[in-house]
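Structure record follows, encoded as structure tokens.
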Amino acid sequence: RYGGLQTPRAAEGRDAHIIRGIRSVDGRSGVAFTAAAIHRTDDAGETWRKLSLPLAANEAIVSVDLSDSATLTVLIRDASSLTRITTALS
């Protein structure tokens, strides 16, 4: 339980719905991420939208770095490796 809410478990056994981190660069733009998804805000958390990041069934998001409001770096792991993806945000 977190904040009085039930936290669902992922079918694969990962805790894919537990927030692993929140990153902000300027107090308005930021991201929150779980093992399975990244969500972005540009209005200090009033609204959020899910970013498109297709993951294979055996992959999980390990870390996210928001170096500025336009550049996102994501570290993804699978059973045998780590992959870093850097992408421009729109």
Side-chain angles (χ1 to χ4, degrees):
R1 293 173 81 75
Y2 182 77
L5 301 174
Q6 289 287 346
T7 304
R9 291 214 179 268
E12 300 84 19
R14 298 185 302 210
D15 291 328
H17 295 87
I18 295 175
I19 295 174
R20 292 186 169 194
I22 298 173
R23 307 288 186 263
S24 178
V25 291
D26 60 11
R28 291 195 55 77
S29 298
V31 294
F33 68 96
T34 68
I38 301 171
H39 291 78
R40 177 180 180 175
T41 184
D42 290 306
D43 57 11
E46 288 291 321
T47 60
W48 294 85
R49 66 182 181 279
K50 187 175 181 179
L51 299 179
S52 176
L53 181 68
L55 295 174
N58 65 338
E59 293 178 325
I61 299 167
V62 175
S63 179
V64 171
D65 180 39
L66 189 62
S67 54
D68 57 47
S69 61
T71 308
L72 181 71
T73 301
V74 182
L75 188 61
I76 298 171
R77 72 160 168 78
D78 64 16
S80 62
S81 65
L82 289 170
T83 304
R84 183 182 358 208
I85 299 169
T86 300
T87 185
L89 295 171
S90 54

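Within the 4.5 Å cutoff, the side chain of Thr47 has no heavy atoms near those of the Arg49 side chain. Counting only heavy atoms from C-beta outward, the side chains of Glu46 and Thr41 never approach each other to under 4.5 Å. Two residues are said to be in side-chain contact when any heavy atoms from C-beta on lie closer than 4.5 Å; Asp43 and Arg28 meet this criterion.
Smallest separation of non-hydrogen atoms from Glu59 and Pro54: OE1-O, 4.4 Å. When every heavy atom of Ser63 is checked against every heavy atom of Arg23, the shortest pair comes out as OG-NH2, 4.4 Å.
Here Leu51 contributes atom CG and Thr87 contributes atom OG1; the two are 9.0 Å apart, rounded to the nearest 0.5 Å. A distance of 12.0 Å separates CZ in Phe33 from CG in Leu53, rounded to the nearest 0.5 Å. Leu75 contributes atom CG, which lies 8.0 Å from atom OG1 of Thr83 (distance to the nearest 0.5 angstrom). Here the CG-OG distance, from Leu66 to Ser29, works out to 7.5 Å after rounding to the nearest 0.5 Å. Annotation: the span from Asp78 atom CG to Leu55 atom CG amounts to 10.5 Å, rounded to 0.5 Å.
Between Val31 and the options Ile38, Ile22, Asp65, Val25, a side chain to side chain contact (heavy atoms under 4.5 Å, CB included) holds for only Ile38.
Of the possible polar contacts, one joining the Arg20 side chain to the Ile61 backbone as a donor-acceptor pair under 3.5 Å is found.
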